[in-house]
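Okay, so here's the structure we're looking at.
Here the structure is a predicted model, which is why all the values come from computation and not from measurement.
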Amino acid sequence: MTGGKRKPAAGPESRTALVRRARRINRELAEVYPYAHPELDFENPFQLLVATVLSAQTTDLRVNQTTPALFAAYPTPEDMAAADPETLEQLIRPTGFFRAKTKSLIGLSTALRDRFGGEVPGRLEDLVTLPGVGRKTANVVLGNAFGVPGITVDTHFGRLVRRWKWTEQEDPDKVEAEVGALFPKSEWTMLSHRVIFHGRRVCHARKPACGACPIAPLCPAYGEGETDPEKARKLLKYEMGGGPGQRLKPPPGFPGPPAPPLGAE
């Protein structure tokens, strides 16, 4: 895509045209990121639940660097429910807001032990009753640990779908509903991964790499960022920019190097 802002479309976009454009963007992103995946390291639903709670207000990389020691110390909900709060705080301190997160982790682990037999439930209505767990966290767990379709509306997802004019909503629940209506349920989980991948790698908040964007012809916000291809390529992040991803244990097929452990950046 070369520089130069395109002319705005004539007239408002019809619902049918919006659905077609949205689904085409999803197909294009699937070709660019065939390896898209959750960027939190986990081996079971409990680990994913804990990691997702820890990911609030920090990077997935920082969470992934913190959880090996955490899960070694507390491998089960029963273990974490019985944790000494000060010891747990020190283990998760690198993720920030560690006192509030410690309260949530002990609370949700206690609830899992006492109400769910030590198992993470596979239903949205049960997950959102756990301390520190909202719809976003619940959808991450359902989609990636249980195979239940869900849309994850994080800051990247919300920013991009508004740039693409899929919705004008700011409230995450309304974004989830409006965007979900554009796609078959079966696409929801992978759509979330692709959009979040694109937001982290290309379509940044302050400096979108418009000139290196594979979906630029479909984007109504093209031109808000750097349109010169060479300059735009320098803005690419993670594996697209030649750097490591956020996972210390990336899945098979991930094209970039693994992230470094804590203290080795």
side-chain contact (heavy atoms from CB on, under 4.5 Å) assessment of Leu49 paired with Leu112: CA-CA 11 Å; Leu49 177 61; Leu112 292 176; 4.1 Å; yes
Partner of Val195 by side-chain contact (heavy atoms from CB on, under 4.5 Å), out of Leu160, Asp154, Val179: Leu160
Rounded to the nearest 0.5 Å, how far does [atom2] of [Y] lie from [atom1] of [X]?
X      : Y      : atom1 : atom2 : value
Ile196 : Asp60  : CD1   : CG    : 8.5 Å
Asn26  : Arg21  : CG    : CZ    : 13.0 Å
Ser186 : Leu191 : OG    : CG    : 10.5 Å
Glu119 : Arg113 : CD    : CZ    : 14.5 Å
Cys203 : Arg163 : SG    : CZ    : 4.0 Å
Arg135 : Asn139 : CZ    : CG    : 6.0 Å

Do the non-hydrogen side-chain atoms of [X] and [Y] ever get within less than 4.5 Å of each other?
X      : Y      : value
Val32  : His198 : no
Glu28  : Pro214 : no
Pro94  : Arg62  : yes
Pro208 : Val202 : no
Pro244 : Tyr238 : no
Pro85  : Thr102 : yes

Under 3.5 Å side-chain donor-acceptor pair for Asn144 and His37: no
Under 3.5 Å donor-acceptor, [X] side chain and [Y] backbone:
X      : Y      : answer
Thr189 : Gly150 : yes
Arg162 : Gln169 : yes
Thr67  : Val63  : yes
Ser192 : Thr152 : yes
Asp114 : Ala111 : no
Gln47  : Glu43  : yes
Thr95  : Ile92  : yes

Arg27 vs Glu31, salt bridge (Lys or Arg N to Asp or Glu O under 4.0 Å): CA-CA, chis, key distance, verdict: CA-CA 7 Å; Arg27 290 195 300 272; Glu31 290 188 14; over 6 Å; no
Of all heavy-atom pairs between [X] and [Y], which one has the smallest distance, and what is that distance?
X      : Y      : answer
Ala69  : Leu91  : CB-CD2, 4.1 Å
Leu182 : Ala22  : CD1-CB, 4.1 Å
Gly122 : Val148 : O-CG2, 4.4 Å
Cys210 : Gly225 : SG-N, 3.3 Å
Pro77  : Ser109 : O-CB, 3.4 Å
Gly245 : Phe254 : CA-CZ, 3.8 Å

Using the rule that two of Ile, Leu, Val, Met, Phe, Trp, Tyr join whenever any of their side-chain heavy atoms come within less than 4.5 Å, decide whether [X] and [Y] are in one cluster.
X      : Y      : answer
Phe116 : Leu48  : yes
Leu18  : Ile25  : yes
Val128 : Val53  : yes
Leu127 : Trp188 : no
Phe42  : Val133 : yes

Using a strict cut-off of less than 4.0 Å between a Lys/Arg side-chain nitrogen and an Asp/Glu carboxylate oxygen, indicate whether [X] and [Y] qualify as a salt bridge.
X      : Y      : result
Arg247 : Asp41  : yes
Glu13  : Lys165 : no
Glu226 : Lys234 : no
Arg115 : Asp126 : no
Lys174 : Glu178 : no
Glu39  : Arg201 : yes
Glu89  : Lys101 : no

Worked check of side-chain contact (heavy atoms from CB on, under 4.5 Å) between Phe146 and Val120: CA-CA 10 Å; Phe146 293 99; Val120 176; 4.1 Å; yes
Derivation of the side-chain contact (heavy atoms from CB on, under 4.5 Å) call for Thr110 and Met80: CA-CA 8 Å; Thr110 301; Met80 196 168 284; over 6 Å; no
Stepwise salt bridge (Lys or Arg N to Asp or Glu O under 4.0 Å) test for Arg23 and Glu187: CA-CA 10 Å; Arg23 294 185 180 189; Glu187 284 291 311; over 6 Å; no
Arg200/His156 under side-chain contact (heavy atoms from CB on, under 4.5 Å): CA gap, chis, key distance, verdict: CA-CA 7 Å; Arg200 285 175 169 166; His156 301 286; 3.6 Å; yes
Verdict with reasoning, Phe157 to Trp166, per ring-ring contact (aromatic ring centres under 6.0 Å, His included): CA-CA 11 Å; Phe157 190 95; Trp166 291 2; 7.2 Å; no
Geometric class of the Phe71/Phe46 ring pair [parallel <30°, tilted 30-60°, perpendicular >60°]: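 Rings of Phe46 and Phe71: tilted, 30 to 60°.
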Ring centers of Trp164, Tyr222 separated by less than 6.0 Å: no
Arg194 NZ/CZ over Phe197 ring centroid, <6.0 Å and within 45° of normal: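 So Arg194 doesn't make the cation-pi contact.
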Residue Glu125 excluded, over 12 heavy atoms near CD under 6.0 Å: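 It does: Glu125 CD has more than 12 such atoms within range.
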